[in-house]
Protein chains: 2
Amino acid sequence: MPKSIKRTYSQYSKDAVTLLGAFIREARNERNLTAQELADRAGISRGLLQRIEKGNLKCEIGAVFEVATIVGIKLFEADGNALTKQLRHTKEKLALMPKSVRKKYKRVNDDF
Amino acid sequence: MPKSIKRTYSQYSKDAVTLLGAFIREARNERNLTAQELADRAGISRGLLQRIEKGNLKCEIGAVFEVATIVGIKLFEADGNALTKQLRHTKEKLALMPKSVRKKYKRVNDDF
DNA sequence: ATATTATGATCTATATATAAACCAAAGGGA
DNA sequence: TCCCTTTGGTTTATATATAGATCATAATAT
């Protein structure tokens with residue numbers, strides 16, 4: 001039972017989502033799509049698209065990414081995008097990753 | 001009244017969210033944080049963090065970005081990140097943007 | 001091996017995001 | 001100017017994401 005769900009967000013997170021929304025809107029305008037048209041293509045309501053473009057933090061990430069993808073915004077390009085490189089590295093590394101995390105007990109080397 | 005909300009997502013969107021989640025998990029492990037610790041810092045439940053790391057598309061973008069920010073993943077770097085550059089451009093351009101979009105009426109030049 | 005801890009999964013109750021239908025106002029074309 | 005479209009707000013009903021608790025399993029340290 002969620003007792004209220006009043007989250008706090010870092011300024012960075014807020015800025016990031018705001019910028020992403022603004023970018024979506026710009027891309028939509030550049031492609032001459034109305035809000036309704038883009039919403040239809042993404043399979044969401046116009047109201048949700050409005051909130052996405054406004055940078056509302058509580059929209060589902062799937063809807064946001066879908067809209068971004070449709071208007072041509074690629075978070076993870078095939079090219080030299082820094083994040084993409086890191087993620088590619090991650091993907092390859094995933095199989096080798098430890099499943100759980102342990103606190104590091106500082107090993108004290110006494111027998112010196 | 002949402003009649004069911006069964007969305008479809010492009011493969012790209014699914015992959016992007018999956019990769020982001022995997023990257024978050026990797027970053028968390030590299031920082032030796034337990035799921036509970038990271039969840040606490042982000043102000044979310046451990047269950048939600050699990051879904052985020054799994055790449056669940058229906059998590060709120062604010063929670064995802066917050067977690068990513070905490071473990072040091074910057075979607076929009078201050079440096080030469082391509083998306084950042086575009087977004088900076090967008091920000092400056094925002095004030096000049098038209099508020100609404102009009103369909104282009106192909107002007108037919110009859111009197112030729 | 002044993003104990004301890006992290007993770008994965010399930011279940012319940014509730015807060016809330018969403019779709020849909022409105023309306024008003026702004027914007028752009030003719 | 002007038003008309004038509006787009007956008008920005010509501011409001012309402014409902015589907016659902018979330019917090020929190022619990023349990024089983026996996027993983028790690030000693």
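Just so we're on the same page: letters track the sequence lines, and every chain starts at 1. Quick caveat, the model's predicted, so the values are computed rather than measured.
At least one side-chain heavy atom of B:Ile44 sits under 4.5 Å from a side-chain heavy atom of B:Ile52.
Put simply, CZ on A:Arg31 is 19 Å from P on D:dT6, counting in whole angstrom units. Taking atom CD of A:Glu60 as the reference point, atom P of C:dT16 lies 17 Å away to the nearest angstrom. Summarising the geometry, the separation between CD on B:Glu53 and C1' on C:dA9 is reported as 15 Å, rounded to the nearest angstrom. The distance from atom CG of A:Leu33 to atom C1' of D:dT5 is 15 Å, rounded to the nearest whole Å. Here the C1' atom of nucleotide C:dA17 and the CG atom of B:Asn56 are 15 Å apart, to the nearest Å. Atom CG in B:Leu57 sits roughly 12 Å away from atom P in D:dT18 (whole-Å rounding). As a whole-Å value, the separation of B:Ile61 CD1 from D:dA17 C1' is 16 Å. Protein atom NZ of A:Lys6 is 16 Å distant from nucleotide atom C1' of C:dA17, rounded to whole Å.
The heavy-atom pair separating A:Leu49 from A:Ala35 by the smallest distance is CD2-O, 3.2 Å. When every heavy atom of A:Gly55 is checked against every heavy atom of A:Val17, the shortest pair comes out as O-CG1, 3.4 Å. When every heavy atom of B:Lys58 is checked against every heavy atom of B:Asn56, the shortest pair comes out as N-OD1, 2.8 Å. Considering all non-hydrogen atoms of both residues, A:Lys14 and A:Leu57 come closest at CG-CD1, 3.7 Å.
Using a 4.0 Å cut-off between a side-chain N of Lys or Arg and a carboxylate O of Asp or Glu, A:Arg28 and A:Glu53 qualify as a salt bridge.
Comparing A:Gln50 and B:Arg51 along DNA chain D, the residue whose closest nucleotide (by nearest heavy atom) sits nearer the 5' end is A:Gln50.
For B:Arg7, whose side chain is taken as the heavy atoms from C-beta onward, the closest listed nucleotide among C:dA19, C:dT7, D:dT7 is C:dA19.
Between B:Lys58 and D:dA15 there is no side-chain polar atom (N or O) within less than 4.0 angstrom of OP1 or OP2. The shortest distance between the side-chain N/O atoms of A:Lys54 and the OP1/OP2 oxygens of D:dG9 is below 4.0 Å.
Side-chain atoms of A:Arg7 do not come within 3.5 Å of backbone N or O of B:Ala63 as any donor-acceptor pair.
Within residues 39-49 of chain B, the residues having any heavy atom under 4.0 Å from DNA chain D are, by residue number, B:Ile44, B:Ser45, B:Arg46, B:Leu48.
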